[in-house]
2 protein chains.
Amino acid sequence: MDSAQVQRVRSFSRLVAQRIGALEESYLQRGRPLGEARLIFEIGLDGADLRALRDRLGLDSGYLSRLLNSLTAHGLVEVGRDASDGRLRRAVLTPNGRVELGAYGRLSDALAASMLEPLDSRQRERLVGAMAEVERFLRAGRVELSFETPASDDARQCLDAYFREIATRFEAGFDPAQDRTPSDGELTPPKGWFVVARLEGEPVGCGALKRVDDATGEIKRVWTAPSARGLGVARRVLHKLEGAARDAGLITLRLDTNKALTEAHALYRKEGYREVERFSHNPYAHHWFEKRL
Amino acid sequence: MDSAQVQRVRSFSRLVAQRIGALEESYLQRGRPLGEARLIFEIGLDGADLRALRDRLGLDSGYLSRLLNSLTAHGLVEVGRDASDGRLRRAVLTPNGRVELGAYGRLSDALAASMLEPLDSRQRERLVGAMAEVERFLRAGRVELSFETPASDDARQCLDAYFREIATRFEAGFDPAQDRTPSDGELTPPKGWFVVARLEGEPVGCGALKRVDDATGEIKRVWTAPSARGLGVARRVLHKLEGAARDAGLITLRLDTNKALTEAHALYRKEGYREVERFSHNPYAHHWFEKRL
DNA sequence: GCCATTCTCTGACTAAAGTCAGAGAATGGA
DNA sequence: TCCATTCTCTGACTTTAGTCAGAGAATGGC
C-alpha cells in the first residue's frame, strides 16, 4: 500500500469530517437530540420496519424503542403493526414528522449550498464531479463477493438480468435453449462455483465456474449490473473464481464469449487469458480464451 | 444555486459520513472515550495551548479541563504553564501519550488503507486524485476576505511575499524604490482599500484599491500565495475591491501590469477589463487595463 | 395445539458529553 | 499599585447515548 496515498486519504477524511460535524451541529438547531434527528431521516417519507432501522443505524432494540417513544410523544411518528407479520412493527412519519424531515432536508441543502456558494460555476462543476468520483470509488470498495448457490434469489436475479442483456446485445439475439446452460448442480461445489457480488445488500454482479475435468474449469456468466460498471466488479469476481479453481486443483481455465462483448475481451486479456482455438460448439461464441493458473 | 449539484453534494456527504463514523468507532477500540481520543490527536506531537484546543474542538473550558485531568491521570499528557503568560497553560503529550497518538494514527491509516485496498492501482490513483480535488475546492470555499489596514501583520506578510515574487518573475527584477508604492494612508478608507484573504487564519492573498480621483480607482497588489492558487482567490479579491469601488461611487477602475504576469492578464480580461493605452509611467508596466463598473 | 424462535418493549442501569456559576491566579494598562 | 480582564479549574448539575436482562406477544413448523 502506497503510504503517500494513505496520507492523502487521511487528509481528505479529516477535512470532510469537519464539514460533517458542521452538518450535525446544524441539526441540533431544531432542539432535538441527534439520535432522534437521524431516526427521522432514516424513517423517511416511506416509513421503515424497526428491524431495518436498527440495522441501518446500529441501534440496540431497547434504545430504538425509546427514541421512537419520544418521537411518537411529540407527534412526529406513528408505530404500527406490520400487516403480514404481527411481531414486526413499522414506523411512519406523521404529517408533522414530514414537516420536520423537510426542515432537516433544508439544513442539509444549506450546508451543501454553502460549500458551492463561494465557487464560480467552473469550480462548482469540478467539485461536484470530483465528489461523484470519490463516491463512486468508495462504493466500489464496498462491493462484497460471496460464493453461493445459483438457485438463490439474488443469483437468479443476476442471471435473469444477464440473459436479458445479452439477448439485446448479441447480434443474433439469445435463446437460452440453444445455450448449454449449466444446471444449478454443475455450479455448486464441488462441481462448480457461483459468485454473487453485492453492494449494500443489492446484487450487482455474478460469475460462475464449472469444472470440466480434473484439471480444467470453465468460466461462465460473468456479469456486472449497469449501475456498478467501471468499479472493477467483474475483475474481482474473476479473481474470486480463479482462487476457487486453484483451491480445487484446477490447472487451466477457459471461457468463450460473444464478439459483441468487447469490454469482456479486454478484461480477459488484461487478466492473462490468451485467445485460443475454438473448443466449444456454443452457437453464440466467437472467441475462446484460456489461462493457466 | 443548481439543485442537482446540491443533491450531489448531499449524497456525497452522506456516504462519507458513514466512513467517518467507522473511523471514530475504530478509535473506541482503544477503550477511551472519543472526546479524549480527539484531544490526544489535537494536542499532537507539538503540544498545544489550552485556548487553541478549546477553539479547535469547540469545548467548554470546564469540560476540557476535565478531559485533560483524565489524560494526565493516565500518564498520557502533561499540562504546564506557558513561559510568557502565566495564565495560559500548555498541554504536551508524554512519551506514553505519543505512543497512543501513534496507535490512533495507525487506526486512521488502516481505515484509509481499507478504502484503497479493494481497488486496483488505476482506481486508487483516480480516487486519491478526486479526493485531492474535493479537498482543494472545499478549502477554496473556506477562504475569507476582509478589508483591513495595509499596516497589519498579515497584510505586510502578503506584500512582502508579493514583492519577493515579482522580483524573481519580472525580467528586469523589481526595485520598490522605482515603483511609486502607495502609502498605507492611500490604501486606507476613504482614500483606498486593502483586502486580505485568509485560509484557516493564514493570509493567502491580498489586493488593494487606490482612489485616483472622484470617479476613478486603481487596482494594485493583487497577489495569491502559491499554496492557494487555482482556488479563485484573486478573482474574489478583485470582486471585493470592485464592490468597495462601487460603494464609493467610483465609475472606472484601471490597473497596469507586467508582461510576465500572464495569469493576471487572463483574469482581468475574464473579469471584463479591456486593454487600454498607457496611462502611467510605471517602469515595470507593459499592459494597461480599464473597466467601467 | 405445542414450542422454539423472533420481535419488541420496559425497567434499571452506566458512561459520555456537555453546561453553568463561581473561585482563584496571573496579567496589563491606568 | 490597583483593578478590570483573561484564563483555568472545581463542583454541581443535566442531557444524551448506550447496555443488559427479562417479559410478553406473535409466528411458523411440527
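Sequence lines set the chain letters: A, B, ... in the order given, protein chains first and strands last, and positions in each chain run from 1.
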Item to complete: Look at the side chain of R51(B) and decide which nucleotide, out of dC7(D), dT10(C), dC9(D), has an atom nearest to it.
Response: dC7(D)

Discussion item. I'd like to know if the side chain of T94(A) and the backbone of L76(A) have a donor-acceptor N/O pair within less than 3.5 Å.
Written reply: yes

Worksheet, complete the sentence: To the nearest angstrom, the CZ-P distance between R54(B) and dC7(D) comes to 8 Å

Discussion item. Between C1' on dT16(D) and OH on Y27(A), what's the gap in Å once rounded to a whole number?
Written reply: 18 Å

Worksheet item: Would a distance-only check, ignoring hydrogens and angles, find a side-chain to backbone donor-acceptor pair under 3.5 Å from D60(A) to G62(A)?
Response: yes

Discussion item. To the nearest 10°, give me the bend of the helix from dG1(C)-dC30(D) to dA30(C)-dT1(D), comparing the axes of its five terminal pairs at either end.
Written reply: 20°

Worksheet item: In whole Å, what is the span from the CG atom of L68(B) to the P atom of dC7(D)?
Response: 16 Å

Practice prompt. Any side-chain hydrogen bond (donor to acceptor under 3.5 Å, both in side chains) involving residues 26-37 of chain A? Give me the pairs, sequence neighbours left out, ordered by first then second residue.
Written response: Y27(A)-S108(A), R30(A)-E100(A), R32(A)-E100(A), R32(A)-Y104(A), E36(A)-S70(A)

Worksheet item: Could you give the CD-to-C1' distance, from E24(B) to dA17(D), as a whole number of Å?
Response: 14 Å

Worksheet item: Are the charged groups of R236(A) and E117(B) less than 4.0 angstrom apart, N to O?
Response: no

Item to complete: Quickly work out the L88(B) CG to dT27(C) P distance and round it to whole Å.
Response: 9 Å

Practice prompt. Look at the side-chain N and O atoms of N69(A) and state whether any lies under 4.0 Å from the OP1 or OP2 oxygen of dT10(C).
Written response: yes

Worksheet item: Looking for any heavy atom pair under 4.0 Å, which part of the strands does R90(A) touch: base, sugar-phosphate only, or nothing?
Response: nothing

Discussion item. Rounded to whole Å, please give me the gap between CZ in R89(B) and P in dA26(C).
Written reply: 11 Å

Practice prompt. Figure out the CG/P separation between D49(B) and dT6(D), and round it to whole Å.
Written response: 17 Å

Discussion item. Using whole Å, what does the distance between atom P of nucleotide dG18(D) and atom CG of L57(A) come to?
Written reply: 10 Å

Fill in: C158(A) to C206(A) - nearest heavy-atom pair and separation
CB-SG, 3.7 Å

Fill in: Polar side-chain atom of R10(B) near backbone of G105(A) as donor-acceptor pair, under 3.5 Å
yes

Practice prompt. Ignoring backbone atoms, test whether R87(A) places a side-chain nitrogen or oxygen under 4.0 Å from the OP1 or OP2 oxygen of dT27(D).
Written response: no

Discussion item. Has R98(A) got a side-chain atom pairing as donor or acceptor with L93(A)'s backbone, closer than 3.5 angstrom?
Written reply: yes

Heteroatom pairs (N/O) under 3.5 angstrom, protein to nucleotides 16-24 of chain C:
none

Discussion item. Please check: side-chain N/O of R54(B) versus main-chain N/O of S61(B), any donor-acceptor pairing under 3.5 Å?
Written reply: no

Practice prompt. Output yes when a side-chain donor or acceptor of R221(A) lies under 3.5 Å from a complementary backbone atom of L159(A), and no otherwise.
Written response: no

